[in-house]
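Working notes for the structure below.
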Amino acid sequence: MKKIIIDGGQSLDGVIEVSGMKNSALPIIFACLLIKEECVLDNMPRVSDVHNSLEILRQMGAEADFIDAHTIKINTKNAQNIYFDMDLISKMRASAYLMSSCLSRYGSVHMVYPGGCNFGARPIEQHIKGFKCLGASCTEDGEFIALSLSKRLQNVKITLDKISVGATINMIIASCVGEGTVTIENVAKEPHVLDLIAFLNICGANIRLFGNSIRVVGVRSLNGKRYRIYSDMIEALTYATCVGSAKGKIYLKNVDYEHILPIIPHFEKTGISIKYKNGFVCIKSPEKLVSTSVFTAPYPEFPTDLHPQFSAMLCFCDGVGEITETIFPERFAYLCELEKMGAKFKKIGNKVEIYTSLLHGASLDATDLRAGAALIVSALGANGRSEINNVNYIVRGYEDIVPKLSSVGAKIFYDNK
Ligand code: EPZ
């Protein structure tokens, strides 16, 4: 099985082009089931979750594939509501978006529960609550979920009990084609949610964000359009943590700077500078980093998807750093791997204190997408050689992370033995 090998201690210097945002690409791909015309999507990342999502659409009879490096063409005109590859669906959280898109287009869906990174329970009761508000009936048997909706209720208000990216996205997709207005309250406002709204509005939808609510005025149909998705803010910020652990200075291309702006102060508190200049984002690390404390919360607060990577970087900071995880309290599996490298920390409930640690190379196992990225961050700054197994987790969400880091001086390569 392929491994990533890293010889730590090389500082970084050069330019990295950031890819399109995985968590935008996935809902937009499934939302194309609402549009029976050709859509062309630019800035699409070549990551396994995108390839798998396209495969699910193809299994339904749609045309869905890359037509050049980062452009995808999708036409779901001939897509049928058939049984999907349940194994594929159970691997990805994004397959949850099949529920809304099939409910809207076909009036029914029958599938296994969506999968997703294994850091604790991934419930979908908020999604079900929303679908029922729209008039859908739902039966679950622990393995399969079946939803049906003959005619979407009009002028409905859905109040989500907790801020959920997936449930917000599913309610938007389920509401935009039909009669009447749907108001969704207590919504997630991550850039990837706004990306989906922008795409659907360009295709003819009528979706507006008002404070913490989204108003969807149903339309009869949507038209196929060309659209460029946002760049991946978590990928960009992951590279910022790499500069923190390995030191040096890199320039990032293709970054939507306004999306990372709210998170930059957390890095600046450690001494890292992140500045936008002439279309590039320059990330520079001081020789000595200072620890800081963060807690994760819905955007624009510190993103949970940056927690493991930032935690790995804190090992290289002077002082006691602290991360409080308020969204996925089980998201700490990466700590066992950092411990193999000599990391010093104390976990107290959903909080971890990270102490200055002298890390050494080790054989490590990625346990999920962002935990895998955290191992790369720690290995880049460690003394000696590390090998990272279960690379399949990392390639789900990071396009070409090995060549991108190698191009800025990291001693990182694949071992295909
Ligand atoms: C999306 O997952 C992302 N995945 C996750 O990114 C990200 O960590 C998460 O949003 C939070 O930003 C994709 O976009 C494919 P949620 P999602 O619904 O939609 C609870 C990555 O690394 N909840 O916002 O599943 C839930 O347990 C991945 O790219 C319920 O209790 O997250 C969590 O505590 C990992 N009931 C909180 O809400 C529900 O019905 C937020 O989850 C739904 C959610």
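Basis for what follows: all heavy atoms, side chains included, without hydrogens, waters or symmetry-related copies. Order of listing sets the numbers, starting from 1, for every ligand and every atom in it. Numbering starts at 1 and runs along the sequence shown.
- When only non-hydrogen protein atoms are considered, atom 11 (C) of ligand 1 lies nearest to Thr304 CG2, 3.9 Å.
- Taking a cut-off of under 4.0 Å to the non-hydrogen atoms of His127, the atoms of ligand 1 that pass are 40 (O).
- Checking Met99, Arg152, Gln126 one by one against Phe131, the side-chain contact (heavy atoms from CB on, under 4.5 Å) holds for a single residue, Met99.
- For atom 6 (O) of ligand 1, the closest non-hydrogen atom on the protein side is Asp305 OD2, 2.8 Å.
- Sorted by first and then second residue, the ring pair (Phe, Tyr, Trp, His ring centres under 6.0 Å) pairs involving residues 46-68 (not counting sequence neighbours) are His51-Phe66.
- Cation-pi contact between Lys347 and Phe332: present, with separation from the ring centre below 6.0 Å and deviation from the ring axis of at most 45°.
- Geometrically, Lys189 does not engage Tyr299 in a cation-pi contact defined by less than 6.0 Å to the ring centre and at most 45° from the axis.
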Given salt bridge (Lys or Arg N to Asp or Glu O under 4.0 Å), test Lys73 with Glu38 step by step and report yes or no.
CA-CA 7 Å; Lys73 183 167 76 170; Glu38 180 178 288; 3.8 Å; yes
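- Close approach of ligand 1 to Gly166 is summarised as follows: ligand atoms under 4.0 Å from at least one heavy atom of the residue are 18 (O), 19 (O).
- At least one N or O atom of Lys22 sits closer than 3.5 Å to an N or O atom of ligand 1.
- Ligand 1 has no nitrogen or oxygen under 3.5 angstrom from a nitrogen or oxygen of Phe328.
- The shortest N or O to N or O distance between His192 and ligand 1 is not under 3.5 Å.
- Of all atoms in ligand 1, listed by their number and element, those nearer than 4.0 Å to a heavy atom of Ile327 are 33 (C), 34 (O), 37 (C), 41 (C).
- Closest to atom 4 (N) of ligand 1, if we only count protein heavy atoms, is Asn23 ND2, 4.0 Å.
- The protein heavy atom nearest to atom 2 (O) of ligand 1 is Arg122 NH2, 3.5 Å.
- The side chain of Arg93, and not its backbone, has at least one atom closer than 4.0 Å to an atom of ligand 1 (non-hydrogen atoms only; side chain from C-beta on).
- Leu364 places none of its side-chain heavy atoms less than 4.5 Å from the side chain of Asn389.
- The protein atom (non-hydrogen) at minimum distance from atom 44 (C) of ligand 1 is Ser164 OG, 3.8 Å.
- Residues Ser291 and Leu314 come closest through the heavy atom pair OG-O, 4.1 Å.
- Using a 4.0 Å cut-off between heavy atoms, Leu369 contacts ligand 1 through its side chain alone, with no backbone atom that close.
- With a 4.0 Å cut-off on non-hydrogen atoms, Lys129 does not touch ligand 1 at all.
- Residues satisfying the side-chain hydrogen bond (donor to acceptor under 3.5 Å, both in side chains) test with Thr238, not counting sequence neighbours, are Gln309, Tyr398.
- Counting heavy atoms closer than 4.0 Å to ligand 1, residue Arg370 contributes side-chain atoms (C-beta onward) but none from N, CA, C or O.
- Val165 N, 2.7 Å is the protein heavy atom nearest to atom 24 (O) of ligand 1.
- Protein heavy atom closest to atom 40 (O) of ligand 1, with residue, atom name and distance, is Gln126 N, 2.8 Å.
- Per-residue contacts place Lys162 under 4.0 angstrom from the following atoms of ligand 1 (heavy atoms of the residue considered): 20 (C), 23 (N), 30 (C), 31 (O), 38 (O).
- Closest approach of Phe295 to Phe302, counting heavy atoms only: O-CB, 3.5 Å.
- Between Gln80 and Tyr106, the side chains place no donor N or O within less than 3.5 Å of an acceptor N or O (distance only, hydrogens not considered).
- Set against the non-hydrogen atoms of Arg331, the atoms of ligand 1 under 4.0 Å away are 8 (O), 22 (O), 35 (C).
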Using the side chain to side chain donor-acceptor pair (under 3.5 Å) rule, take Arg331 and Thr304 through it: C-alpha gap first, then chi angles, then the decisive distance, then the call.
CA-CA 9 Å; Arg331 188 168 209 167; Thr304 177; 2.8 Å; yes
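- The closest approach between any non-hydrogen atom of Pro123 and ligand 1 is below 4.0 Å.
- The residue Met92 has no part lying near ligand 1, judged by heavy-atom distances below 4.0 Å.
- Relative orientation of the His110 and Phe144 rings is parallel, given thresholds of 30° and 60° on the angle between their planes.
- A salt bridge links Lys3 and Glu387; the closest N-O separation between the charged side-chain nitrogens and carboxylate oxygens is under 4.0 Å.
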